[in-house]
Number of protein chains: 2
Amino acid sequence: MLSHFTVDCVIYTFHEAQLKILLTERNEYPYKGWWALPGFFIEKDEEMEDAVKRISYENTGLKDIYLEQLAAFAGVKRHPEGRILTVAYVALVRYENVKNKVKPVTSYMKQAKWYPINNLPDLAFDHREIIQLSVEKLKKRLSYSLAPFELLPEKFTLTQLQQVYEALLGETLDKRNFRKKMNNLGYLKELDEFQTGVSYRAARLYKLDRRKFQKLIE
Amino acid sequence: MLSHFTVDCVIYTFHEAQLKILLTERNEYPYKGWWALPGFFIEKDEEMEDAVKRISYENTGLKDIYLEQLAAFAGVKRHPEGRILTVAYVALVRYENVKNKVKPVTSYMKQAKWYPINNLPDLAFDHREIIQLSVEKLKKRLSYSLAPFELLPEKFTLTQLQQVYEALLGETLDKRNFRKKMNNLGYLKELDEFQTGVSYRAARLYKLDRRKFQKLIE
DNA sequence: ATATAGTGTGTATTTTTTACACTATTAAAT
DNA sequence: ATTTAATAGTGTAAAAAATACACACTATAT
């Protein structure tokens with residue numbers, strides 16, 4: 001059969017020691033005035049990933065971001081006008097790079113806003129469920145995933161890295177054990193640079209060594 | 001936009017100490033005469049999971065099987081007549097329960113056959129890629145997955161369980177370490193029953209304790 | 001100078017993983 | 001009755017990884 005076909009995008013970033021997701025306020029039937037994941041109908045002859053890139057470019061001003069397919073949602077009742085199949089993607093962006101920190105108004109969208117994942121508003125369609133699934137997937141893969149490094153700046157402190165882990169795992173970790181483990185993994189490069197602009201002891205900066213990371217997951 | 005919408009099904013079983021997948025020989029354009037995953041167009045108002053159940057029932061005679069969504073495939077060029085979006089599912093069945101060990105001929109399908117995953121024929125569409133992805137997913141999740149127990153009989157020997165692990169991991173495991181680990185996990189029930197009909201020492205049978213398994217993954 | 005806020009470090013204990021080889025049991029063949 | 005063939009079943013020592021835990025250091029602001 002034929003079905004309407006959209007992509008939706010769970011765009012994550014890390015800001016103010018929190019994991020956040022970009023949501024848009026709908027300006028159209030159905031769910032007018034509700035918050036929803038950014039998404040749109042896919043064009044004829046458009047690859048799904050290109051549609052996702054288009055959407056995340058419109059909302060963050062970024063190209064070449066980290067993308068991962070999450071799942072397809074096609075419940076017959078998810079849209080009042082009949083089945084609309086959506087393929088959900090997870091995108092990870094660095095907050096420092098995001099261009100339009102708030103998205104301009106369009107006909108179908110009043111505003112866009114970053115929400116911490118543990119403080120989301122009511123959501124349109126089955127978007128709550130989609131987000132829930134995306135968190136679980138990130139969490140499961142955490143131990144062998146690039147995700148933390150796609151959310152943080154190129155140069156980050158170990159405390160920031162620990163905060164990303166804690167946000168995804170939903171629990172606090174012991175600082176000494178976390179650092180010991182990260183050092184033993186062997187894919188973090190210790191830099192001779194330090195944080196600036198803080199009113200306390202500046203933390204050392206680290207970088208991901210992508211070659212070593214790749215080798216380790218074989 | 002509107003798109004054609006199908007589901008495809010990677011149906012796994014464990015037989016003769018091997019992991020096998022059910023493939024069908026196509027009797028229709030395109031890829032007539034090629035082997036392909038069982039799949040079909042989804043009906044209007046049919047839930048995806050119901051379509052998958054329909055397909056696996058037609059091919060195995062089984063209802064209530066273990067299902068998991070794998071991913072959506074929607075490459076513009078995957079079908080010569082234009083984009084056909086497919087959502088791939090993984091199904092796991094017990095070989096002993098499969099009713100029609102070979103599927104009767106239909107208009108669109110010459111025959112169906114179980115193929116060991118490491119000895120597949122050439123495949124239609126992007127089905128090789130779909131299978132590849134399904135193996136990787138099963139492998140990654142193995143340590144906290146019900147999959148091995150959905151592929152084996154209700155009562156199984158530790159050697160059979162080890163063979164499933166080995167087939168998915170693609171490597172051999174040490175027998176003593178494997179058994180020690182399985183016992184420590186604590187969700188295997190040792191039965192007072194033994195294999196029958198073998199011409200050597202009969203192995204003890206075990207069962208999965210689903211309650212304990214559930215508790216352990218929380 | 002001192003208050004503040006976050007950085008950075010080591011050791012002992014427990015748990016998990018790994019490496020490794022022989023005896024036990026059964027049915028079938030002689 | 002004995003032997004053969006095939007697989008089941010078992011323990012220990014060493015290495016590696018995970019856990020629990022507390023205090024001194026440093027940069028800035030006042």
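Side chains are part of it too, since the values below use all heavy atoms of this structure and drop only hydrogens, waters and symmetry mates. Please read all numbers here as calculations on a predicted model, not as lab measurements. We name chains A, B, ... by the order of the sequence lines, and we start the count at 1 in each one.
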Colleague: Without decimals, in angstroms, what is the distance between B/Gln195 CD and C/dT26 C1'?
Modeller: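 Going from CD in B/Gln195 over to C1' in C/dT26 covers 11 Å.
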Colleague: Is the distance from the ring center of A/Trp34 to that of A/Phe125 below 6.0 Å?
Modeller: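 Judged by ring-centre distance (under 6.0 Å), A/Trp34 and A/Phe125 do not meet the cut-off.
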Colleague: Taking the ring of B/Phe156 and the ring of B/Phe149, is the distance between their centroids below 6.0 Å?
Modeller: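 Close enough - the centres of the two rings lie under 6.0 Å apart.
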Colleague: Please report the distance, rounded to the nearest Å, between CG in B/Asn183 and P in D/dG11.
Modeller: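 One finds 11 Å between P of D/dG11 and CG of B/Asn183, rounded.
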Colleague: Across the strands shown, which category fits B/Arg204 at heavy-atom distances under 4.0 angstrom: base, sugar-phosphate, nothing?
Modeller: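 Sugar-phosphate contact only.
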Colleague: So that I can tick it off, tell me whether B/Glu154 and B/Lys189 are bridged by a salt bridge, with the cut-off set at under 4.0 angstrom between side-chain N and carboxylate O.
Modeller: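 No, no charged N to carboxylate O under 4.0 Å.
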Colleague: B/Arg179 has an atom CZ; how far is it from atom C1' of C/dA24, in whole Å?
Modeller: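 For the pair B/Arg179 CZ and C/dA24 C1', the rounded distance is 13 Å.
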Colleague: Whole angstrom is fine here: how far is it from CD in A/Gln162 over to C1' in C/dT9?
Modeller: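 Taking CD of A/Gln162 and C1' of C/dT9, I get 14 Å after rounding.
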Colleague: State which residue, out of A/Arg204, A/Lys155, A/Arg179, fulfils the salt bridge (Lys or Arg N to Asp or Glu O under 4.0 Å) condition with A/Glu190.
Modeller: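 Looking at A/Arg204, A/Lys155, A/Arg179, the match for A/Glu190 under the salt bridge (Lys or Arg N to Asp or Glu O under 4.0 Å) is A/Arg204.
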Colleague: Measuring from atom CH2 of B/Trp114 to atom CD1 of B/Ile21, what distance do you get when rounded to the nearest 0.5 angstrom?
Modeller: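 Answer rounded to 0.5 Å: 9.0 Å.
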Colleague: Validate the cation-pi geometry between A/Lys212 and A/Tyr187: distance from NZ or CZ to the six-membered ring centre under 6.0 Å, angle to the ring axis within 45°.
Modeller: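 Geometry flag: not set, cation outside 6.0 Å or 45°.
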Colleague: OP1 or OP2 of D/dA8 sitting under 4.0 Å from any side-chain N/O of B/Thr159?
Modeller: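 True: B/Thr159 side-chain N/O within range (under 4.0 Å) of D/dA8 OP1/OP2.
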Colleague: Toward the 5' end of DNA chain D, which comes first, A/Ala202 or B/Ala202, by nearest nucleotide?
Modeller: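 The 5'-side residue here is B/Ala202.
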Colleague: For A/Leu205 and C/dG8, give me the distance from atom CG to atom C1', rounded to whole Å.
Modeller: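 In whole Å, C/dG8 C1' lies 14 Å from A/Leu205 CG.
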Colleague: Rounded to whole angstrom units, what separation is found between the CG atom of B/Leu161 and the P atom of D/dG9?
Modeller: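 After rounding, the gap between these two atoms is 13 Å.
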Colleague: Without decimals, in angstroms, what is the distance between B/Asn184 CG and D/dT12 P?
Modeller: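 Going from B/Asn184 (CG) to D/dT12 (P), I get 15 Å.
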Colleague: Aromatic ring centroids of B/Tyr165 and B/Phe178 under 6.0 Å?
Modeller: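 Between B/Phe178 and B/Tyr165, which both carry aromatic rings, the centre distance is below 6.0 Å.
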Colleague: Without hydrogens or angle criteria, can the side chains of B/Ser56 and B/Tyr89 be said to hold a donor-acceptor pair below 3.5 Å?
Modeller: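 Absent: no donor and acceptor within the cut-off.
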Colleague: What does nucleotides 17-25 of chain D look like as a protein-contact string, B for base, S for sugar-phosphate only, - for none, at under 4.0 angstrom between heavy atoms?
Modeller: --BBBB--B
Colleague: Output a table of nitrogen or oxygen pairs between the protein and nucleotides 27-30 of chain C separated by less than 3.5 Å.
Modeller:
| unit_1 | atom_1 | unit_2 | atom_2 | d |
| --- | --- | --- | --- | --- |
| C/dA27 | O4' | B/Ser199 | O | 3.3 |

Colleague: Would you say the side-chain atoms of A/Asp174 pair up with the backbone N or O of A/Asn177, donor to acceptor, closer than 3.5 Å?
Modeller: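 Side chain of A/Asp174 to backbone of A/Asn177: a pair is present.
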Colleague: How close or far is atom C1' of C/dT18 from atom CE of B/Met182, stated in whole angstroms?
Modeller: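 Roughly 15 Å, once rounded to whole Å.
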